[in-house]
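Quick notes on the structure that follows.
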Amino acid sequence: MSELAHQQCIACRRDAPRVSVEEINELKPAIPEWQLVERHGIQQLERLYTFSDFRQALEFTCRVGELAEQAGHHPALLTEWGRVTVTWWTHKIHGLHRNDFIMAARTDELIER
Ligand SMILES: C[C@H](O)[C@H](O)[C@H]1CNC2=NC(N)=NC(=O)C2=N1
């Protein structure tokens, strides 16, 4: 398990700061396959995972959902035949929190199992 995936998510408050550029530069190397995207002014982390069929994609989707429920922090999930797009950001701060990087690293761990 990567060190980042081991870190604890903290309860994120509405006034919590978004990650700084320095923090992004510190955290992003741990999740190299993820893209930084911006939608409607909101920075997000996004990764496409590919699978052999829809059932595999659906099973992975459910595993990510379980991870999210355990952490109380939830992604956007797009499940298609052979593909799942996972997008993390923190709704209440309209951007990226350290928690999103931790959850992206944990999402990657689901594949490596
Ligand atoms: C009430 C509930 O705890 C909050 O809405 C949680 C749920 N999951 C969440 N997930 C994400 N990604 N961002 C949030 O701000 C968030 N808030």
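One-based numbering, in listed order, for ligands and for the atoms of each. Starting from 1, each residue takes its place in the sequence as its number.
- A salt bridge links R98 and E26; the closest N-O separation between the charged side-chain nitrogens and carboxylate oxygens is under 4.0 Å.
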Using the side-chain hydrogen bond (donor to acceptor under 3.5 Å, both in side chains) rule, take R39 and Q44 through it: C-alpha gap first, then chi angles, then the decisive distance, then the call.
-> CA-CA 8 Å; R39 292 198 177 94; Q44 303 171 337; 2.9 Å; yes
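- Between R47 and Y49 there is a side-chain heavy-atom pair separated by less than 4.5 Å.
- I102 and V64 fall within a single hydrophobic cluster, where Ile, Leu, Val, Met, Phe, Trp and Tyr are joined by side-chain heavy atoms under 4.5 Å apart, directly or via other members.
- Shown here are the side chain to side chain donor-acceptor pair (under 3.5 Å) partners of E69, two or more places apart in sequence or in another chain: H74.
- The pair D15-R13 meets the salt-bridge criterion, with a side-chain N (NZ, NE, NH1 or NH2) lying under 4.0 Å from an Asp/Glu carboxylate O.
- Contacts of ligand 1 (protein heavy-atom distance under 4.0 Å) are G72, H73, H74, W89, T90, H91, K92.
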